[in-house]
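Take a look at the structure set out below.
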Number of protein chains: 2
Amino acid sequence: MKLTTKGRFAVTAMLDLALHGAQGPVTLAGISERQKISLSYLEQLFGKLRRRDLVESVRGPGGGYHLARDAARITVADIIRAVDEPIDSTQCGGRENCHDHHRCMTHELWEELNSTVAGFLSGVKLSDLVEKQRTKPISVVRAHKRESHIASA
Amino acid sequence: MKLTTKGRFAVTAMLDLALHGAQGPVTLAGISERQKISLSYLEQLFGKLRRRDLVESVRGPGGGYHLARDAARITVADIIRAVDEPIDSTQCGGRENCHDHHRCMTHELWEELNSTVAGFLSGVKLSDLVEKQRTKPISVVRAHKRESHIASA
DNA sequence: TCATACTTGACTAATTTAGTCGGGTTTCGG
DNA sequence: CCGAAACCCGACTAAATTAGTCAAGTATGA
């Protein structure tokens, strides 16, 4: 799971869509203005989101985008995976080092980390974000967390 | 917490150090050869590790590096923090968007993610890696995990 | 039929990352 | 005391990635 600002923008845009999607399709121009993300860039992002069946488009005047399914069935992980290439893997296939037995050890470590991150992001649904956004505009969120293990540093 | 190959190399190098450090200082040249990491690059990494007090150096012939404290008191998070700039923060301070209330929501999300990652990495000690390396050279590790929550995708 | 809005993909600029280079400085062994 | 072993350090560069633009469409509702 890769994390870049691209993924962040996508989540923000999807959230905007979820929040404003009640009355018909939402235009990218609208999202662009509200979220201050360039239209061209949104187009690029929504192209990917559409191909991954997270949103559906309605063309022509009055058109725009709407969620392809209920916000409760879309996770943050889905969104990020859609826009960031799936370059997951612990980088252990392309490079030189990472050999004989040393390999597998750190390899496993990164793999575990990956699934920890993926697990966290899979646990947060778009509807969670919508809800938090509606009930507590500005405040601590603590999303879905219960026993947020360790968490220090 | 940023994750790059630099951090991975650092962890690998520290592990090598922990494994070979029993009989006096370990030279970077040795690590370089065993782990196939360029000497110059190791020098750069160990400069940082030293400044963060994770290793200590012994100069002159017969010198090298050794851990600054017991492997049980060094975590993977310590190592990664030492070599990768602390550019933690959810990128929410320098950029434009991320405004009014939308801001705080995704902001909190990334912040939580950050601490999840940091928590995971803080939970893995260098000694854990050494142990796993010694007992199960090639196999599934599952480091320190117990109830690795959710974990799918 | 035309303005609105999505669609596509190539292109570019900026940033970040990975890694090198060249010069030190310290200290041991002979 | 001198030379080699080893650390030390900061500037530099090349490659890769990311962020974002541009241009040229296509579909469709009013």
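Labels below follow one simple rule: chain letters A, B, ... track the order of the sequence lines, proteins then strands, and each chain is numbered from 1. All of these numbers come straight from a predicted model, not from anything done at the bench.
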Listing request: all salt bridge (Lys or Arg N to Asp or Glu O under 4.0 Å) pairs with a residue in residues 39-48 of chain A, at least two apart in sequence or in separate chains.
Lys48(A)-Glu85(A)
Leu42(B) atom CG is separated from dT20(C) atom P, nearest whole Å, by 10 Å
Check residues 59-74 of chain B and write down every donor-acceptor pair under 3.5 Å in which the side-chain atom is one partner and the other belongs to a residue at least two apart or another chain.
unit_1: Arg69(B); atom_1: NE; unit_2: Arg73(B); atom_2: O; d: 2.7
unit_1: Arg69(B); atom_1: NH1; unit_2: Asp53(B); atom_2: O; d: 3.4
unit_1: Arg69(B); atom_1: NH2; unit_2: Arg73(B); atom_2: O; d: 3.3
unit_1: Asp70(B); atom_1: OD2; unit_2: Ala72(B); atom_2: N; d: 2.9

Tell me: CD1 of Ile31(A) to C1' of dA5(C), nearest whole Å?
13 Å
Interatomic distance, Tyr41(B) OH vs dC9(D) C1' [rounded to whole Å]
16 Å
How would nucleotides 6-11 of chain C be written as a contact map, 5' to 3', with B for base contact, S for sugar-phosphate-only contact and - for no contact, using protein heavy atoms under 4.0 Å?
BBB---
Separation of atom NZ in Lys48(B) from atom P in dG19(C), rounded to whole Å:
13 Å
Rounding to an integer number of Å, can you tell me how far Leu45(B) CG sits from dT20(C) C1'?
13 Å
dT21(D), OP1 or OP2 - any side-chain N/O from Ser38(A) closer than 4.0 Å?
yes
Side chain to side chain donor-acceptor pair (under 3.5 Å) involving Thr75(A) - partner list, sequence neighbours excluded
Asp78(A)
Take Pro61(A) and Gly7(A), find for each the nucleotide of DNA chain D with the closest heavy atom, and name the residue whose nucleotide sits nearer the 5' end.
Gly7(A)
Just jot down the side chain to side chain donor-acceptor pair (under 3.5 Å) partners of Lys125(A), sequence neighbours excluded, or say none.
none
Would a distance-only check, ignoring hydrogens and angles, find a side-chain to backbone donor-acceptor pair under 3.5 Å from Thr116(B) to Glu112(B)?
yes
In whole angstroms, the gap separating C1' of dT17(C) from CZ of Arg8(B) amounts to 12 Å
Grab the NZ-P distance between Lys6(A) and dT21(D) for me, whole Å please.
13 Å
Cationic N near anionic O, under 4.0 Å, Asp16(A) to Arg34(A)
yes
Atom CZ of Phe9(B) to atom P of dA18(C): distance rounded to whole Å?
8 Å
